[in-house]
Amino acid sequence: MRWSQLHIPTLREDPADAEVASHRLLLRAGFIRQLMAGHYSMLPLGMRVRAKIIDIIRAEMNAIGGQEFLLPCMHPAEIWERSGRLGTVDVMFRLKDRKGADMVLGFTHEEIFTTVAAELASYRELPQFWYQFQTKFRDEARPKSGLLRVREFTMKDSYSFDLDDAGLDKSFDAHRAAYERIFARLGIPAFAAEASNGTMGGKDSLEFVCPAQAGEDLVATCPNCGYAANLERATSALPDVEDQRGPAAPARLDTPGVRTIEDLATDYGLAAGRQIKTLVQVINGQLTLVLLRGDHQLQDQKLIDAIGVSDIRPARPDEIRAALGALPGSLGAVGVTDLPVIADFALRGRRDMATGANTDDVHLTGVDVARDIQIGTWADLRAVTAGEPCPRCGTPLQLTRVIEVGHIFKLGRKFTTALGVTVLGPDGSAIVPIMGSYGIGVERAMAVIAEVHHDDAGLVWPVQVAPFEVTVVPLSAKDHAVVTTAESIYAELRAAGIEVVIDDRDERPGVKFKDAELTGIPVRVSVGSRDLADGVVDVVGRASQEKERVPVDQVVKHVQSLLATLRR
RNA sequence: CGGGAUGUAGCGCAGCUUGGUUAGCGCGCCUGCUUUGGGAGCAGGAGGGCGCGGGUUCGAAUCCCGCCAUCCCGACCA
């Protein structure tokens, strides 16, 4: 291809609205343009990278037996009604057609693939791996960071249908292995972390995450045994606490002006770890007390996962006072029998603790959790913090900021049951297939590659996903020898099957060099009159910036071996 | 959805406090000449009516009211 005829609108200055590196560079280098918040147009260079990412994912999906489909992105709302996700997922875009029929834009495709699976008839057909590359629409509360969080994007989503749990495990493991190969080939240093299933339901899920400053999630990782879990799922092995027995009954402690755990600790010598934190949440409209150790933070997703309800909000002060007779700062669960109480495991067996007395400016001490509080549900509710012992091996955990690039779920039979999918088993009885679902955000993957592979001069694409492998740069558009040599090198590289672009613009060398670096093309062949006098050209690696003088008649061979090295 | 910021040419910005001739600068773009080994120089030129809608005023990019959009933080999120 000829640069002069490609639409590559590079910018000399950083775009004002782009903060994170991938956003800034993809805009500057002319790969994408924004239409509105969370919706981006993919320009020719962006399309080439996207196509390569898709090719790699497709190859790995096919390698594990995946069959490619393409399902509609617009669906009748009725199908989502049947699975119970219609009114409950707030990122779902909804619309009506001219007849007034309710439609939705798919934010995922479990339901729709399941309608296709209704034609599966026999156990002999299972397992099935089905996948597609399809646009997803998600009405994000806050799109941000360029392609990292958008409202419209391409997802590779796949779905497995198996006869039983053992089959699902196999399908899941096959996808896990495929994902590891995919991210390795894409140049994304991702690893798997345990995660919450969120609105997908099901029991197990793994996120593939890539460490990055622009990340929105935190994962806890163990440097020793490899334990890794999203903070919304991570646990740690807290040391057991042996409390003294304490008094026979809680004692009243007047604490005028005390509103926080910290105040109580500093003013009355009651360490935060010996306090009970009482939070009031409204769960499905029901006021509920949530108890944690004073020095622990509630992890919201854990609470949602523990009770299986996502309709949760903190109670308002007026609701709290009406129910408990005090304001936050003096709340406690001692003697509360008319409200559900959920407590974190770390409070189990604790004695001689301090908590609010449900009277403003009064606390209780000497509280024995088992004796004095009626706890309905025990759960893991607290957020792990850095340095706590790994739940598997005890090594201090690290917290790492990451971007989620893939997520694989063991779904169970939620969707096949809801949509009535069965196959006949060997004995003639109906079997409900068990599902898994597996997703990779294509443009997010592109942005993550850019996050990981760039420098001060611009993008540095790994060869496998680069928009072009080589750019040939004639340093003059007028010097006959330079132009004809560059053109013949360009033709030879093309003939050798290398993806090459020739920068045939009538621009000064500096402009071409800057653009070559900004766009991140892995290899540059510079043809100038000075070197040509010696019969050589410059071959420069984008990542290494190493320059080699190569005789004109050996350029193709040299470039081929350089590309092979870069591919590794 | 709460908090903060910003909307002036394709991009980056100034002008607004203290309303006043044809709204300005840099980059980019077009033409010509000279240049051409790291974002060239000179000359000439095109392009916006200041996010949108009202209002105040003799007069509004500048003041007032409402709305919209974009970015950042938080809440939320597959």
Side-chain angles (χ1 to χ4, degrees), chain A residues 7 9-20 23-24 27-30 33-40 85 88-92 106-110 136-146 148-151 153 155-157 195-202 205-209 214 216-217 230 232 300-301 304 310-314 403-409 411 437-441 444 457-458 473-479 482-483 503 505-518 524 526-534 536-538 540 545 547 549:
Chain A
H7 184 58
T10 57
L11 303 171
R12 293 211 176 196
E13 291 174 274
D14 281 336
D17 281 342
E19 299 247 326
V20 304
H23 188 201
R24 179 170 50 83
L27 280 171
R28 253 194 89 178
R33 284 295 181 263
Q34 183 183 58
L35 180 64
M36 57 178 167
H39 299 260
Y40 285 83
R85 290 207 281 186
T88 61
V89 180
D90 59 4
V91 296
M92 188 185 287
F107 70 98
T108 180
H109 277 76
E110 280 78 13
K136 302 292 186 256
F137 294 89
R138 296 185 180 184
D139 193 359
E140 288 290 338
R142 185 152 95 84
K144 55 181 275 200
S145 306
L148 287 177
R149 177 162 295 277
V150 293
R151 304 205 303 173
F153 62 97
M155 176 181 268
K156 185 290 295 175
D157 43 326
S196 163
N197 282 34
T199 58
M200 290 300 169
S205 82
L206 285 177
E207 276 179 352
F208 284 82
V209 297
E216 300 185 82
D217 288 329
N230 190 299
E232 57 188 34
D300 295 340
Q301 188 66 43
I304 291 168
S310 60
D311 179 16
I312 294 182
R313 65 170 173 85
I403 300 170
E404 175 188 351
V405 286
H407 203 156
I408 60 179
F409 300 87
L411 289 179
S437 85
Y438 316 88
I440 295 176
R444 182 184 280 184
V473 180
L475 298 184
S476 162
K478 303 238 164 67
D479 184 308
V482 166
V483 171
D503 193 347
R505 295 175 297 171
D506 186 8
E507 290 287 354
R508 296 167 64 84
V511 172
K512 297 184 182 184
F513 293 156
K514 291 286 186 193
D515 276 348
E517 283 157 6
L518 187 58
R524 187 182 87 212
S526 299
V527 183
S529 55
R530 230 162 49 197
D531 282 344
L532 220 45
D534 299 336
V536 300
V537 298
D538 278 341
V540 187
Q545 293 296 333
K547 187 185 288 191
R549 287 159 58 88

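Letters go in sequence order (proteins before strands), and every chain restarts at 1.
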C1' spacing across the pair B:rC71 / B:rG47, given as an integer number of angstrom: 27 Å

Could you tell me the separation between the CG atom of A:D17 and the P atom of B:rA5, rounded to a whole number of Å? 16 Å

Across the strands shown, which category fits A:A16 at heavy-atom distances under 4.0 angstrom: base, sugar-phosphate, nothing? sugar-phosphate

Do A:K136 and A:H109 get their side chains close enough for a donor-acceptor pair, meaning under 3.5 Å? yes

Heavy atoms from C-beta onward define the side chain here; which of B:rC77, B:rC71, B:rC11 lies closest to that of A:Q301? B:rC77

Check for a donor-acceptor pair, side chain of A:R444 on one end and backbone N or O of A:E404 on the other, with a separation under 3.5 Å. yes

NA contact type, A:R28, heavy-atom cut-off 4.0 Å: base, sugar-phosphate, or nothing? base

So do A:R549 and A:D534 actually touch side chain to side chain, heavy atoms under 4.5 Å? yes

How far apart are the C-alpha atoms of A:D538 and A:R524, what are their side-chain angles, what is the distance that settles it, and do they pass the salt bridge (charged side-chain N to carboxylate O under 4.0 Å, His left out) test? CA-CA 8 Å; A:D538 278 341; A:R524 187 182 87 212; 5.9 Å; no

Who pairs with B:rG48 - Watson-Crick or G-U, where each distance is under 3.5 Å: none

Side chain of A:M36, heavy atoms from C-beta onward: which of B:rU36, B:rG39, B:rU70 has the nearest atom to it? B:rU70

Mind checking if A:M155 touches a base, just sugar-phosphate, or nothing, with heavy atoms under 4.0 Å? nothing

Can you identify which nucleotide, out of B:rG38, B:rC11, B:rG37, has its nearest atom closest to the A:R524 side chain? B:rG38

Under 4.0 Å between any heavy atoms, over every strand shown, what does A:E216 touch: base, sugar-phosphate, or nothing? Just pick one. nothing

If pairing means Watson-Crick or G-U wobble with both distances under 3.5 Å, then the partner of B:rG20 is B:rC58

For nucleotides B:rU18 and B:rU22, find the distance between their P atoms and express it as a whole number of Å. 23 Å

Considering just the side-chain nitrogens and oxygens of A:R530, establish if one lies under 4.0 Å of OP1 or OP2 belonging to B:rG37. no

Does A:R313 reach a base, just sugar-phosphate, or nothing at all? Heavy atoms under 4.0 Å. nothing

Could you please name the partner base of B:rG53, counting Watson-Crick and G-U wobble pairs only when both distances are under 3.5 Å? B:rC65

For A:R142 and B:rG4, give me the distance from atom CZ to atom P, rounded to whole Å. 15 Å

Write down the distance between CZ (A:R151) and P (B:rC77), rounded to a whole number of angstrom. 18 Å

What integer number of Å spans the C1' atoms of B:rG66 and B:rG28? 37 Å

Determine which nucleotide pairs with B:rG32, using a 3.5 Å limit on both distances of a Watson-Crick or G-U wobble pair. B:rC42

Nearest 0.5 angstrom please: A:L518 CG to A:T10 OG1, how far? 6.0 Å

Base, sugar-phosphate, or nothing for A:F153, non-hydrogen atoms under 4.0 angstrom? base

Does A:K144 reach a base, just sugar-phosphate, or nothing at all? Heavy atoms under 4.0 Å. sugar-phosphate

Let's see if you can work this out: which of B:rU36, B:rC11, B:rG39 has an atom nearest to the side-chain heavy atoms of A:K478? B:rU36

For a quick check of understanding: with a heavy-atom distance under 4.0 Å over all strands, which category does A:D479 fall into, base, sugar-phosphate or nothing? nothing

Tell me the interatomic distance from A:R24, atom CZ, to B:rU70, atom C1', rounded to whole angstroms. 19 Å

For B:rG49, is chi within 90° of 0 (syn) or not (anti)? syn

Side chain of A:A37 only, heavy atoms from C-beta on: which candidate in B:rU70, B:rC76, B:rG39 is closest? B:rU70

Do any N or O atoms from the side chain of A:K514 and from the backbone of A:R12 form a donor-acceptor pair under 3.5 angstrom? no

Taking any strand in view, what nucleotide pairs with B:rA5 in a Watson-Crick or G-U wobble way, both distances under 3.5 Å? B:rU70

Judged by atom type as modelled, is there a donor-acceptor pair below 3.5 Å linking the side chain of A:R151 to the main-chain atoms of A:D139? no

Quick one: closest heavy-atom pair of A:S205 and A:F409, and the distance? CB-CD2, 3.6 Å

Answer with base, sugar-phosphate or nothing: what part of the nucleic acid does A:D14 contact at a heavy-atom distance below 4.0 Å? sugar-phosphate

For B:rC73 and B:rU57, measure between their C1' atoms and round to the nearest Å. 40 Å

Spacing of A:R505 atom CZ relative to B:rG38 atom P, expressed in whole Å: 16 Å

Counting heavy atoms from C-beta on, name the nucleotide in B:rU35, B:rG39, B:rC71 closest to the side chain of A:R508. B:rU35

Paired with B:rG26: which nucleotide, if any, by Watson-Crick or G-U wobble criteria at under 3.5 Å for both distances? B:rC11

Is there a donor-acceptor contact under 3.5 Å from the side chain of A:S145 to the main chain of A:L148? no

Which listed nucleotide (B:rG38, B:rC71, B:rC11) is nearest to the side chain of A:E13? B:rC11

Give one of base, sugar-phosphate or nothing for A:S196, where a contact means two heavy atoms less than 4.0 Å apart. nothing

The nucleotide from B:rC11, B:rC77, B:rC72 with an atom nearest the side chain of A:S145 is B:rC72

Atom-pair distance (CG on A:D506; C1' on B:rG39), nearest Å: 15 Å

What integer distance in Å separates A:R12:CZ from B:rC29:P? 7 Å

Could you work out which one of B:rG39, B:rC29, B:rC76 sits closest to the side chain of A:E507? B:rC29

Given B:rG39, B:rG37, B:rC71, identify the nucleotide with an atom nearest to the side chain of A:P509. B:rG37

From CG of A:L475 over to C1' of B:rU35, roughly how many Å is that when rounded to an integer? 15 Å

Considering every strand and a 4.0 Å limit on heavy-atom distances, what is the contact class for A:E517: base, sugar-phosphate, or nothing? base

